[in-house]
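Each remark here refers to the structure printed beneath this line.
Whatever order the structure lists ligands and atoms in, that order sets their numbers, starting from 1.
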Amino acid sequence: MEQKLPSIPGPIGVFDSGYGGLTILSKIREALPEYDYIYLGDNARTPYGARSFEIVYEFTLQAVTKLFEMGCHLVILACNTASAKALRSIQINDLPHLDLPHRVLGVIRPTVECIGSITRSRHIGILATSGTIKSESYPMEIHKLFPDIEVNGEACPLWVPLVENNEAQGDGTDYFIRKYIDELLAKDREIDTVILGCTHYPLLLPKIQKYMPAGITTVTQGELVASSLKDYLHRHPEMDARCTKGGSCTYCTTEAEEKFIESASTFLDEEVTVERVSLEP
Ligand code: DGL
């Protein structure tokens with residue numbers, strides 16, 4: 001990681017492998033509209049879900065470094081796969097070598113904190129990428145706070161590619177939505193709360209709600225992450241002072257700009273300008 005980074009205040013960085021982080025960014029901007037943001041989607045290399053720990057760490061570190069070089073002091077990994085596989089390593093191995101105290105926060109902890117007050121049966125389910133499920137990050141984080149909760153997870157390897165290929169509303173998508181929900185619920189009939197542990201999944205919410213049995217609460221992450229960030233900035237005035245407040249948002253992608261604009265317009269209510277960036281050294 002570069003040692004000489006800009007020391008003047010800058011935007012808050014929001015990173016995802018692709019479009020999924022936009023679901024987090026929109027809730028963050030609703031809760032904290034006064035700040036400036038840079039969104040970075042690694043659309044050229046998405047999905048991360050089935051990639052190894054080493055590769056997800058390498059790609060995420062490249063993205064975080066880029067956002068730091070662009071002036072961000074605080075970066076949110078708006079991606080569960082990156083939060084599960086890279087966040088800890090970056091916090092332990094990379095951030096301590098920087099001159100300034102830059103920070104990287106993830107999405108798993110803020111999601112897990114609320115779960116104890118939602119479930120009544122104390123049986124919860126996680127729908128996420130293969131990487132997030134295999135990492136066991138959700139059961140580990142949940143059991144640190146709520147050792148009594150039973151956790152079952154189901155990997156949904158086709159959901160991110162369906163979103164990234166603009167098939168979120170497609171007819172064929174229903175089959176795979178139903179399949180993974182049914183497989184999860186078959187593992188534990190007492191599940192009363194299901195966490196959508198991938199930031200792409202809210203883009204599939206209408207279809208997920210169609211197949212989720214009544215009585216089961218579906219938890220999405222955007223508002224939880226936004227309120228946790230608000231709280232973090234309140235508790236860390238020194239970091240708050242290093243985040244600029246102009247209400248702007250810049251979008252960056254590793255893919256072609258036109259592709260991002262075309263796809264992002266289905267997820268965002270505003271016209272966006274996009275800059276293509278390269279993450280490879
Ligand atoms: N939005 C990412 C997540 O939350 C998607 C991962 C992927 O690229 O497969 O896990």
Side-chain angles (χ1 to χ4, degrees), residues 13-28 39-64 75-88 90 104-112 125-139 141 153-168 173 176-177 180 184 194-205 208 218-226 228-229 251-255 259-260 263-264 266-268 279:
V14 178
F15 167 69
D16 182 45
S17 63
Y19 301 115
L22 296 173
T23 65
I24 302 287
L25 177 69
S26 69
K27 295 296 176 190
I28 289 178
Y39 182 83
L40 172 55
D42 190 6
N43 301 83
R45 301 188 294 193
T46 196
Y48 282 11
R51 293 185 188 271
S52 66
F53 268 84
E54 292 73 19
I55 294 293
V56 174
Y57 169 57
E58 186 185 317
F59 287 2
T60 305
L61 183 59
Q62 288 170 356
V64 166
V75 170
I76 312 301
L77 300 184
C79 175
N80 290 266
T81 311
S83 301
K85 292 185 159 190
L87 178 61
R88 232 180 119 63
I90 290 175
V104 181
L105 306 175
V107 288
I108 295 179
R109 183 74 186 207
T111 308
V112 158
I126 315 290
L127 294 169
T129 65
S130 314
T132 301
I133 295 296
K134 277 198 201 121
S135 75
E136 299 271 328
S137 296
Y138 270 97
E141 288 297 327
E154 181 68 24
C156 313
L158 286 167
W159 285 10
V160 170
L162 285 166
V163 170
E164 290 288 322
N165 287 288
N166 286 337
E167 286 295 335
T173 298
F176 291 104
I177 299 288
Y180 300 138
L184 174 68
V194 172
I195 295 177
L196 301 186
C198 172
T199 56
H200 281 69
Y201 297 175
L203 299 166
L204 297 164
L205 203 53
I208 292 172
T218 304
V219 177
T220 55
Q221 302 179 286
E223 278 161 15
L224 303 173
V225 173
S228 167
L229 176 60
Y251 294 87
C252 298
T253 175
T254 53
E255 246 290 356
K259 200 162 179 285
F260 187 93
S263 298
T266 57
F267 312 138
L268 295 168
L279 297 184

Specify side chain, backbone, both or neither for S17, according to which of its non-hydrogen atoms lie closer than 4.0 Å to ligand 1.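 The answer is the side chain.
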Can you list the ligand 1 atoms lying under 4.0 Å from a non-hydrogen atom of [X]?
{"X": "N80", "answer": "3 (C), 4 (O), 10 (O)"}
{"X": "T129", "answer": "6 (C), 9 (O), 10 (O)"}
{"X": "T46", "answer": "8 (O)"}
{"X": "D16", "answer": "1 (N), 2 (C)"}
{"X": "C198", "answer": "1 (N), 2 (C), 3 (C), 4 (O), 5 (C), 10 (O)"}

Do G49 and ligand 1 have an N or O pair less than 3.5 Å apart?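 Looking only at distances, the answer is yes, because the N/O contact criterion of under 3.5 Å is met.
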N/O of Y48 under 3.5 Å from N/O of ligand 1, yes or no?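 Looking only at distances, the answer is yes, because the N/O contact criterion of under 3.5 Å is met.
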Hey, looking at atom 6 (C) of ligand 1, which of T81, T199, T132, V163 has the closest heavy atom?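 When every heavy atom of T81, T199, T132, V163 is considered, T81 comes closest to atom 6 (C) of ligand 1.
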Distance to the ring centre below 6.0 angstrom and angle to the axis at most 45 degrees; does that hold for R45 and F59?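 Yes, a cation-pi geometry.
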Atom CZ in R109, atom OG in S83: separation rounded to 0.5 Å?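 Going from the CZ atom of R109 to the OG atom of S83 covers 13.0 Å.
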Distance in Å, L40 CG paired with T254 OG1, rounded so as to fall on 0.5 Å steps: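 If I round to the nearest 0.5 Å, the distance is 7.0 Å.
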Please determine, by modelled atom types, if N80 and Q221 share a side-chain donor-acceptor pair under 3.5 angstrom.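 There is such a pair (donor and acceptor under 3.5 Å, judged by atom type) between the side chains of N80 and Q221.
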